[in-house]
There are 2 protein chains.
Amino acid sequence: MDKSASIERIFQDLRRVVHALELYSKDVNARFGLTAPQLWALWELERGGPASLGALALTLQLHPSTLVGVVDRLEAKGLALRDPDPADARRIRIRLTPKARALLKHAPHPAQGRLVHGLQAMSERQVTELRRAVATLVRVMEAEDLEARFFFSEE
Amino acid sequence: MDKSASIERIFQDLRRVVHALELYSKDVNARFGLTAPQLWALWELERGGPASLGALALTLQLHPSTLVGVVDRLEAKGLALRDPDPADARRIRIRLTPKARALLKHAPHPAQGRLVHGLQAMSERQVTELRRAVATLVRVMEAEDLEARFFFSEE
DNA sequence: CTCCAATCATTTGTGCTCAAATAATTGTGA
DNA sequence: TCACAATTATTTGAGCACAAATGATTGGAG
């Protein structure tokens with residue numbers, strides 16, 4: 001297979017990866033009541049403690065305005081709370097409720113779904129190769145992204 | 001790096017890949033007026049000729065209800081038309097307008113954006129490795145997906 | 001020939017995503 | 001100190017994605 005055919009295939013396959021991840025998220029939601037972004041947010045709050053909306057958005061790599069809705073839904077489910085930040089009235093402090101902590105004990109870790117189950121069935125060598133390849137992809141894509149942003153910011 | 005750390009990393013990186021793809025789509029839309037799904041749909045219609053909504057959804061791997069909105073927007077832009085299917089009144093035949101065909105000549109091919117530009121800068125050997133790795137990923141993910149669907153359909 | 005189940009497109013409802021505009025608050029430079 | 005710029009969260013608007021329900025049409029079984 002020549003290079004351009006490989007590139008075409010990589011894109012098709014990436015679309016399928018994205019698709020599978022989405023289906024997985026919907027599936028977890030249907031079965032468990034929490035979507036992947038919601039689980040990621042909870043898990044990150046558990047790991048890093050209370051955080052401002054902006055800080056959490058940064059670690060989750062989401063746009064702040066995206067995270068507002070996610071936190072809204074977590075709050076509606078009684079899993080997260082918005083406290084005012086005593087030091088800065090512009091900020092909020094998002095923290096977990098005891099209910100959330102209890103739930104996280106039994107929740108599928110965002111990186112332990114059935115997709116990861118498949119990865120675990122692969123040899124360590126294969127997983128390492130895959131990790132390297134995906135890391136390369138990220139590097140290339142984000143580099144191009146930055147470059148383009150810089151380029152167009154000059155216009 | 002041990003296996004579970006590799007798996008964790010793979011997932012983080014995949015999230016970043018998805019993120020970069022989304023940003024790219026939004027970017028093309030802002031600059032060109034068409035989102036990635038719209039471009040994919042146009043390109044597929046150009047390649048395969050007029051198609052029913054269900055058939056197009058299948059080749060694009062989208063849920064039919066998702067595609068309805070995409071086609072609505074293409075129609076609103078004067079790029080696609082819904083014709084009745086003479087053979088079956090339930091079906092529609094989606095086809096391109098001349099405007100769409102003219103536009104496609106200058107449009108960024110869905111798989112020729114700046115992300116692909118980055119891939120093209122890589123060596124053929126690297127690209128081949130990446131293709132294999134991503135294909136492995138797809139195989140693993142979709143196999144797990146099928147397995148889970150089968151498992152839960154037995155409940 | 002007539003029901004009735006299957007098929008096809010669509011609508012509705014929920015959620016995620018971004019960007020741009022808005023409002024409140026902070027901190028700083030004159 | 002005080003006006004003004006920066007920061008922070010939110011709202012608004014557009015689009016994508018799925019599932020489930022709906023309505024129209026087809027085609028087959030009795």
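Note that the coordinates shown come from a computational prediction; the quantities given were computed from them, not determined experimentally. Proteins get letters first, then strands, A, B, ... in listed order; numbering begins at 1 in each.
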_Suppose the criterion is salt bridge (Lys or Arg N to Asp or Glu O under 4.0 Å): which pairs have a residue in residues 126-136 of chain B, not counting sequence neighbours?_
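Every salt bridge (Lys or Arg N to Asp or Glu O under 4.0 Å) pair that includes a residue of residues 126-136 of chain B, provided the two are not neighbours, is B/Arg125-B/Glu129.
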Mind listing the closest non-hydrogen atom pair of [X] and [Y] along with its distance?
X        : Y       : answer
B/Glu44  : B/Leu56 : CG-CD1, 3.7 Å
B/Ala107 : B/Leu39 : CB-CD2, 4.0 Å
B/Trp40  : B/Leu60 : O-CD2, 3.9 Å
B/Ala100 : B/Leu42 : CB-CD2, 4.4 Å

*When rounded to the nearest 0.5 angstrom, what is the spacing between OG1 in A/Thr97 and CD in A/Glu75?*
10.0 Å
For the pair made of [atom1] in [X] and [atom2] in [N], what is the distance, rounded to whole Å?
X       : N      : atom1 : atom2 : value
B/Leu56 : C/dT10 : CG    : C1'   : 16 Å
A/Asp27 : C/dG15 : CG    : P     : 16 Å
A/Arg31 : D/dA19 : CZ    : P     : 12 Å
A/Leu67 : C/dG15 : CG    : P     : 15 Å
B/Leu60 : C/dA9  : CG    : P     : 13 Å

*asked:* What does the B/S/- profile of nucleotides 8-18 of chain D look like, 5' to 3', with a 4.0 Å heavy-atom cutoff to protein?
replied: SSBB---SSBB
*Using the C1' atoms of five pairs at each end, what's the angle between the two axes of the helix from C/dC1-D/dG30 to C/dA30-D/dT1, to 10 degrees?*
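Taking five pairs per end, the axes differ by 10°.
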_4.5 Å side-chain heavy-atom contact, A/Leu130 and A/Gln126_ =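 With C-beta onward as the side chain, the pair stays apart.
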*Looking at B/Arg9 and B/Asp13, does any basic side-chain N land under 4.0 Å from a carboxylate oxygen?*
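Salt bridge flag = no for B/Asp13 with B/Arg9.
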